[in-house]
Amino acid sequence: MEKVNIFVFVKQVPHTESQIGVLPDGKDVDLKNVSEWVINPYDEYALEEALRIREKFGGNVCAVSLGGERVKNTLKTALGMGVDNAFHILMEDEGYDVLRKGYIASQFLKEKEFDLILTGKLGIDYYLASFPLILAQFLNLPCLSAIVKLEIEGKKAVAFRETEMGKEVCETSLPAIFTAEKGLNEPRYPTLRLLMAAQ
């Protein structure tokens, strides 16, 4: 396998111990009192898998995040883990408007060369799990969700999933989109040296 270009979409979410309310109209959550924001835990598995693939084959790992100014801290965490580049797509975080986010992300990627796109299986804030599927639709790419193992063999990939019916083994050509499930790997901690460099 030649060097691999990988894009990983990472989302910033409230810390799991944050106090989250509901807006008066009942149509969305109220996030204004959230004091601590972190990288989405499932996206950490995606980042780790991308870094391991790069370590095996060589190549480039780029982290991408959509949102307001505060998501820069999420990208710094990704840089601290060892990604090569980070891209911030500046936009208002509109919660449930995943269709718009998917379209904007697809337009960004149309100008890039990549072999794999990785992201978490879902965000722990809204639990929609729809962004990677929408992105795949816009880019006309296969999408394999909630994988627990990924093997790259030339221009194809073999992904393993655990379902209620048992284990599934899926094969697809590249480029493709994969979403990470807990158990795919054990994410590394950001290093102080790389965090300082990310500043």
Side-chain angles (χ1 to χ4, degrees), residues 6-23 27-51 61-109 112 114 116-136 138 143 145-146 177-182 184-192 194-199:
I6 308 171
F7 281 84
V8 185
F9 281 87
V10 294
K11 185 177 186 182
Q12 190 180 59
V13 297
H15 190 279
T16 52
E17 295 182 1
S18 299
Q19 297 296 316
I20 299 175
V22 179
L23 293 174
K27 295 182 179 178
D28 206 343
V29 295
D30 185 358
L31 301 175
K32 66 182 179 183
N33 293 321
V34 175
S35 59
E36 185 177 358
W37 295 83
V38 296
I39 189 169
N40 180 49
Y42 288 104
D43 296 343
E44 288 184 302
Y45 297 116
L47 279 170
E48 177 63 30
E49 193 65 19
L51 293 170
V61 176
C62 300
V64 186
S65 192
L66 297 86
E69 288 294 328
R70 70 167 185 263
V71 307
K72 288 181 179 178
N73 288 330
T74 294
L75 291 172
K76 288 177 182 177
T77 300
L79 287 165
M81 289 177 68
V83 304
D84 300 289
N85 300 290
F87 294 91
H88 178 197
I89 301 176
L90 184 62
M91 62 180 292
E92 291 299 318
D93 190 356
E94 297 169 337
Y96 287 107
D97 194 2
V98 187
L99 186 65
R100 181 167 177 261
K101 290 180 179 179
Y103 175 76
I104 291 172
S106 70
Q107 295 305 298
F108 166 79
L109 286 170
K112 306 290 187 291
F114 56 86
L116 289 87
I117 299 170
L118 289 164
T119 188
K121 74 168 185 177
L122 53 77
I124 63 167
D125 48 0
Y126 290 94
Y127 275 76
L128 295 177
S130 54
F131 172 79
L133 301 174
I134 291 169
L135 182 60
F138 278 125
C143 180
S145 301
I177 299 175
F178 303 90
T179 77
E181 172 66 281
K182 182 179 180 181
L184 176 62
N185 51 51
E186 187 65 34
R188 68 195 67 187
Y189 290 102
T191 68
L192 180 59
L194 291 176
L195 284 173
M196 294 296 291
Q199 299 299 324

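Numbers here are sequence positions counted from 1. Computed over heavy atoms, backbone and side chain alike; hydrogens, waters and symmetry mates excluded.
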So do Leu109 and Val64 actually touch side chain to side chain, heavy atoms under 4.5 Å?
-> no
Give me the one residue out of Val38, Asn73, Asp43 that meets side chain to side chain contact (heavy atoms under 4.5 Å, CB included) with Gln12.
-> Asn73
Search all heavy atoms of Thr119 against all heavy atoms of Phe9 and return the closest pair with its distance.
-> OG1-O, 3.1 Å
From Ile6 CD1 over to Phe114 CZ, what is the distance, rounded to the nearest 0.5 angstrom?
-> 12.0 Å
Looking only at heavy atoms, which two atoms of Ile124 and Pro41 are closest? And how far apart?
-> CD1-CD, 3.7 Å
Who are the side-chain contact (heavy atoms from CB on, under 4.5 Å) partners of Leu90, not counting sequence neighbours?
-> Glu69, His88
Would you give the length of the straight line joining atom CD1 of Ile117 to atom CZ of Phe7, rounded to the nearest 0.5 angstrom?
-> 8.0 Å
Rounded to the nearest 0.5 Å, how far apart are CD1 of Ile104 and CE of Met91?
-> 4.0 Å
Rounded to the nearest 0.5 Å, what separation is found between the NZ atom of Lys76 and the OG atom of Ser65?
-> 13.0 Å
Trp37 side chain near Thr74 side chain, heavy-atom distance below 4.5 Å = no
Does any non-hydrogen side-chain atom of Glu186 lie less than 4.5 Å from one of Glu48?
-> no
Side chain of Asp125, backbone of Pro14: donor and acceptor closer than 3.5 Å?
-> no
Give a yes or no on this: more than 12 heavy atoms of other residues, nucleotides or ligands lie within 6.0 Å of atom CZ of Phe138.
-> yes
Leu133, Leu122, Ile177 screened by side chain to side chain contact (heavy atoms under 4.5 Å, CB included) with Ser145, the one that passes | Leu133
Side chain to side chain contact (heavy atoms under 4.5 Å, CB included) test vs Met81 passes for just one of Leu194, Val8, Leu51, Val10, namely Leu51
Within a reach of under 6.0 Å around NZ of Lys182, are more than 12 heavy atoms found that belong to other residues, nucleotides or ligands?
-> no
Nearest non-hydrogen partners of Ala63 and Leu75, listed with the distance | O-CD2, 3.9 Å
What is the minimum heavy-atom distance between Ile134 and Val98, and which atoms define it?
-> CD1-CG1, 3.8 Å
Sequence-distant partners of Lys121, side-chain contact (heavy atoms from CB on, under 4.5 Å), two or more places apart | Tyr42, Ala146, Thr179, Glu181
Atom of Leu66, atom of Val71 and distance for their closest heavy-atom approach | O-CG1, 4.1 Å
Taking every non-hydrogen atom, the tightest pair across Gly102 and Leu135 | O-CD1, 3.7 Å
